[in-house]
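Heads up, the thing below is written out as structure tokens.
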Amino acid sequence: QVQLVESGGGLVQAGGSLRLSCAASGGTFSMYTVGWFRQAPGKEREFVARISSSGSITLYTDSVKGRFTISRDNAKNTVYLQMNSLKPEDTAIYYCARHGGGTTYRSTIMYDSWGQGTQVTVSS
């Protein structure tokens, strides 16, 4: 059973940057697609980005394209989310998750292991 732990969240001013990390243990992490999701207060959890097992294929939601970059280091069992040009609307709890298989990547139901989340707050 894989365990995922997010870190790197915090408080940042609009226009600033943060890098989130998702560290995995207890499973063959390098074999799986990994996604980042976020959940703002009162809203549903939404897809942010995903990366294939090799790191060669990435996918982003439109609102973060050009600002966020997902990457991974399989030797360290870690996936990253570099977030630049942050906006107040990026404020949310950010979660990483392991994809359970198939070709649908934007839905939470396709992910079978989740971290506890890390808070990102962007002030205006």
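The chain is numbered in sequence order, starting from 1.
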Fill in: Side-chain heavy-atom pair Tyr60, Thr69 within 4.5 angstrom cut-off
yes

Worksheet item: What's the shortest heavy-atom distance between Arg67 and Asp90, and which atoms?
Response: NH1-OD2, 2.8 Å

Fill in: Partner set under side-chain hydrogen bond (donor to acceptor under 3.5 Å, both in side chains) for Ser56, not counting sequence neighbours
Ser54

Worksheet entry | Pairs where residues 72-86 contributes a residue and the test salt bridge (Lys or Arg N to Asp or Glu O under 4.0 Å) is met, not counting sequence neighbours | none

Practice prompt. Report yes if some heavy atom in the side chain of Tyr95 is under 4.5 Å from a heavy atom in the side chain of Gln39; otherwise report no.
Written response: yes

Item to complete: Using atom types as modelled and distance alone, determine if a side-chain donor or acceptor of Thr118 lies under 3.5 Å from a backbone N or O of Gly9.
Response: yes

Worksheet entry | Pairs meeting criterion disulfide (SG to SG under 2.5 Å) with involvement of residues 2-109, two or more places apart | Cys22-Cys96

Worksheet item: Are the side chain of Gln13 and the backbone N or O of Ser124 linked by a donor-acceptor pair below 3.5 Å?
Response: no

Worksheet entry | Rounded distance (nearest 0.5 Å) linking atom CD1 of Ile93 with atom CD of Gln119 | 5.0 Å

Worksheet item: What do the steps show when you test Gln82 against Phe68 for side chain to side chain contact (heavy atoms under 4.5 Å, CB included), and what is the final call?
Response: CA-CA 5 Å; Gln82 178 67 44; Phe68 290 12; over 6 Å; no

Fill in: disulfide (SG to SG under 2.5 Å): pairs with one or both residues in residues 34-74, sequence neighbours excluded
none

Item to complete: Start with the C-alpha distance between Thr78 and Phe29, add both sets of side-chain angles, then the distance that settles side chain to side chain contact (heavy atoms under 4.5 Å, CB included), and finish with yes or no.
Response: CA-CA 8 Å; Thr78 302; Phe29 183 69; 5.7 Å; no

Fill in: Any residue meeting side chain to side chain contact (heavy atoms under 4.5 Å, CB included) with Thr108, in chain and number order, not counting sequence neighbours
Phe37, Arg45, Trp114

Practice prompt. Could you tell me which residues satisfy salt bridge (Lys or Arg N to Asp or Glu O under 4.0 Å) with Arg106, sequence neighbours excluded, listed by chain and number?
Written response: none

Worksheet item: Does anything in residues 9-30 pair up under salt bridge (Lys or Arg N to Asp or Glu O under 4.0 Å), and if so which pairs, sequence neighbours excluded?
Response: none

Practice prompt. Might you point out which heavy atoms bring Ser53 and Ser30 nearest each other, and give the distance in Å?
Written response: CB-O, 3.2 Å

Fill in: Cluster link Tyr80 to Met83, ILVMFWY, side chain under 4.5 Å
no

Fill in: Transitive ILVMFWY side-chain link Leu86 to Leu20, under 4.5 Å
yes

Item to complete: Could I get the full list of salt bridge (Lys or Arg N to Asp or Glu O under 4.0 Å) partners for Lys65, not counting sequence neighbours?
Response: Asp62

Fill in: Listed once per pair and sorted, the salt bridge (Lys or Arg N to Asp or Glu O under 4.0 Å) pairs that draw on residues 109-124, sequence neighbours left out
Arg98-Asp112

Item to complete: Is it possible for you to say whether Trp36 and Val120 belong to one hydrophobic cluster, with membership spreading through side-chain heavy-atom contacts below 4.5 Å?
Response: yes

Worksheet entry | Donor-acceptor under 3.5 Å (Ser52 side chain, Ile57 main chain) | yes

Fill in: By ring pair (Phe, Tyr, Trp, His ring centres under 6.0 Å) - contacts of Tyr105 (at least two apart)
His99

Discussion item. Give me the atom names and distance for the closest heavy-atom approach of Ser107 to Thr104.
Written reply: CB-CG2, 4.2 Å

Worksheet entry | Glu46: partners by side chain to side chain contact (heavy atoms under 4.5 Å, CB included), with sequence neighbours left out | Arg38

Worksheet item: Are Leu59 and Tyr111 linked, directly or through other ILVMFWY residues, by side chains that come within less than 4.5 angstrom of each other?
Response: yes

Worksheet item: Where is the tightest heavy-atom contact between Gly8 and Leu18, given as atom of each residue plus distance?
Response: O-CD2, 3.8 Å

Worksheet item: Hey, are the side chains of Ser113 and Val2 touching, using non-hydrogen atoms and a 4.5 Å cut-off?
Response: yes

Worksheet entry | same_hphob_cluster(Val79, Phe47) at 4.5 Å side-chain heavy-atom cutoff | no

Item to complete: Using atom types as modelled and distance alone, determine if a side-chain donor or acceptor of Thr91 lies under 3.5 Å from a backbone N or O of Val122.
Response: yes

Worksheet item: Which pairs, with at least one residue in residues 115-124 and sequence neighbours excluded, count as a salt bridge (Lys or Arg N to Asp or Glu O under 4.0 Å)?
Response: none

